[in-house]
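Working notes for the structure below.
Keep in mind the model is a prediction, meaning the values are calculated, not measured. Counting starts at 1 for both ligands and their atoms, in listed order.
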Amino acid sequence: MMLKMKATGNHASHPSKGFKPLEGSVGRRIEIMDTTLRDGEQTSGVSFLPSEKLQIAKLLLEELKVDRIEVASARVSEGELEGVQKITQWAAKKGYLDRVEVLGFVDTPVSVNWIVEAGGKVLNLLTKGSMNHLVHQLKKTPEQHFADIQKSISYAQEMGVSVNVYLEDWSNGMRNSPEYTLSLIEFLTKQSVKRIMLPDTLGLLSPKEVKAFFEQIVAQFPAVHFDFHAHNDYDLSVANVLEAISNGAAGLHTTINGLGERAGNAPLESVIAVIKDFTDLEIGVQEQKIFRVSKLVEQFSGQHIPANKPVVGENVFTQTAGIHADGDNKKNLYFNDLMPERFGRQRKYALGKTSGKANILKNLEELGISLEKDELAKVTQRIIELGDKKERVTTEDLPYIISDVLQNNSISKHISIEGYHMTHSKGLKPTVQLRMSIHGKFYDEIATGDGQYDSFMRALKKIYKTLGRELPKLTDYHVSIPPGGKTDAFVETVITWDYGKIFKTKGLDPDQTVAAMMATEKMLNIIENMNYQPTKEESTYYGNQYRTVAG
Ligand SMILES: CC(C)C(=O)C(=O)O
């Protein structure tokens, strides 16, 4: 028998753990086998290119430092063969070949030959862990199945390939046919097998059952290395993993971002956080690298990470309520062990209608901007207004908002856009129906143009014409979005006007045309201020900037 013994060792308690570790969780080192490239790729719609597989494999083994990776199923395709070859060629040079595993079937000699051709050295042999699967899928007796398994193991050995064994549908087996399932384990302990891998194939177990099954199995086979392979159908994969390792499992299977069949596998990012914070078990994974790897897998898999996904989701280290930011300023009142820096991330403070001054100050600090008290109050007010329109304003939006608000401050508002209706249809020119208020009086016009903004300007010109007034000449029109490339970000439109003097106005809105209309409204008020001979307290225009004229 070649079963790997579980390692034991001393382990000092994590200083931040103010609680008793779960029973049975002190001092062992847990092996992490990441199966992003095999079970993760079984996510509907995911297919990694060979070169992508190689890049992910490198990051998993060298940066994250997981113990083992499962990179493919044997026999799948030519592309899969190429992907495994790329990984094994690289792994051979690095001395990692015994950490690169391939799932294969009880089909001597096909899977083993495929793995050998791919340059692999480890077979994860898929056997049937429940009577149900054995009888209804393979239509074999346990004796026949055991004989076939023995043949596969012997052939792999002959070919220089080492073997771990999966008991597919093990969880069902433990529930409904434990005699068969335990007899298979018993049989495997007498074979040349390194690890026995116990999948909750349908993700049907509760933490209580995982605990009971592991207690039973580990008591019966104390020298055996058992891996647990969880699925997330009830959102219990992480809780189940915690029970498995706390009750004797020596290894775990995970995927990055929880990719995998149906609801996915146990997500590596949460699993490592939970092991570090809730047990005194040891793992070799480098958690600071997790975010980088998670983003790369997101990109290659095309599976967007939900914003609220623990550890790696966009929003999970963003405080939205102002009271939290305030608490962070006052003795870190909202501190917990799950610090973003651990995972290569940073805490953020959201800007929106619930965020308040403390959040804005935190963001200004990050940007190195300081504002006067009254300016801060105005910026806060503007963010609240924007928050009412759009849920979140980002730090990157802030400089635009500040400049927008401060510019607006210094201008008395006599003219406003009271209402508009814009059309944009294929085959027809855009039309804008516009209502303006000028010194309290309403003016309505409709115009058609080459674009929505052009239509708006034409309607505006008609109104101004009826008043016998001229508009400045538009000489430049510049649109930009804050860095980050988000399509839901605020758009800043800067328009340059020639009214004898050259000046610029800015508008900011998630909609580009609306941003341009806001910039235009500001321009109208500026020229109105110019024409109006401002009073002492009114704003006026000097050169290319606006100042309040003090008394
Ligand atoms: C193919 C097998 C090993 C599997 O992924 C599972 O049972 O969950």
Side-chain angles (χ1 to χ4, degrees), residues 31-44 46-48 68-77 80 84 100-107 110-111 114-115 120 122-134 136-138 145 148-149 152-153 156 163-177 180-181 184-185 188 193-205 209-210 213-214 217 225-238 240-241 244 249 251-268 271 301:
E31 253 184 21
I32 304 285
M33 192 279 260
D34 187 274
T35 181
T36 303
L37 297 176
R38 197 280 296 171
D39 215 353
E41 202 184 23
Q42 286 174 220
T43 310
S44 167
V46 172
S47 175
F48 297 118
R68 300 146 46 204
I69 55 175
E70 187 176 52
V71 298
S73 295
R75 302 185 342 201
V76 162
S77 69
E80 205 63 349
V84 181
V100 175
E101 305 176 358
V102 177
L103 181 142
F105 307 93
V106 183
D107 59 0
V110 184
S111 288
W114 193 96
I115 291 170
V122 184
L123 160 68
N124 288 345
L125 183 66
L126 188 70
T127 70
K128 292 300 187 188
S130 72
M131 224 19 205
N132 221 13
H133 269 221
L134 181 66
H136 298 294
Q137 203 171 40
L138 291 191
H145 192 39
D148 293 342
I149 293 170
S152 288
I153 295 172
V163 181
N164 302 311
V165 175
Y166 271 120
L167 268 66
E168 192 186 8
D169 205 30
W170 164 78
S171 38
N172 244 324
M174 290 301 287
R175 269 190 188 172
N176 301 314
S177 54
Y180 164 75
T181 305
L184 175 55
I185 296 177
L188 291 171
V193 166
K194 257 188 158 173
R195 303 174 186 89
I196 295 181
M197 314 200 287
L198 306 175
D200 179 12
T201 299
L202 299 174
L204 47 81
L205 292 182
E209 283 173 294
V210 173
F213 293 159
F214 268 91
I217 282 188
H225 173 118
F226 289 111
D227 275 2
F228 179 55
H229 178 106
H231 276 277
N232 205 30
D233 298 65
Y234 284 99
D235 222 350
L236 284 173
S237 63
V238 178
N240 285 346
V241 153
L252 288 179
H253 297 184
T254 60
T255 57
I256 303 288
N257 301 337
L259 290 181
E261 286 267 354
R262 306 179 311 278
N265 292 59
L268 178 66
V271 166
S301 66

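Considering backbone and side-chain atoms together, E168 places no N or O closer than 3.5 Å to any N or O of ligand 1.
Residue-level proximity to ligand 1 for M197 is absent, since no heavy atom of it falls below 4.0 angstrom. Under 4.0 Å from ligand 1, not a single heavy atom of E261 appears. Heavy atoms of N124 found under 4.0 angstrom from ligand 1: none, in either backbone or side chain.
Between the CD atom of E261 and the NE2 atom of H231 there is a distance of 6.5 Å, given to the nearest 0.5 Å.
Considering only heavy atoms from C-beta on, S301 comes within 4.5 Å of L259 through its side chain.
Between the side chain of T127 and the main chain of Y166, a donor-acceptor pair closer than 3.5 Å is present. A distance-only check finds no donor-acceptor pair linking the side chain of H253 to the backbone of M33 [under 3.5 Å].
Remark: E80 does not engage R75 in a salt bridge, criterion side-chain N to carboxylate O under 4.0 Å. Using a 4.0 Å cut-off between charged nitrogen and carboxylate oxygen, D169 and R175 do not count as a salt-bridge pair.
Counting heavy atoms of neighbouring residues, nucleotides and ligands inside a 6.0 Å radius, atom OH of Y234 does not exceed 12 of them.
At least one heavy atom of R38 sits closer than 4.0 Å to an atom of ligand 1.
Listed by number with element, the atoms of ligand 1 under 4.0 angstrom from any heavy atom of Y166 are 3 (C). Residue-ligand proximity, D39 to ligand 1, at heavy-atom distances under 4.0 Å covers atoms 5 (O). Counting the atoms of ligand 1 from 1 in the order shown, those under 4.0 Å from a heavy atom of L126 are 1 (C), 2 (C), 3 (C).
F214 has its ring centre less than 6.0 Å from the ring centre of W170.
Looking from atom 6 (C) of ligand 1 to the surrounding protein, the closest heavy atom is T201 OG1, 3.6 Å. Nearest protein heavy-atom neighbour of atom 8 (O) of ligand 1: H231 NE2, 2.9 Å.
Among R262, H253, H229, the residue whose heavy atom sits closest to atom 4 (C) of ligand 1 is H229.
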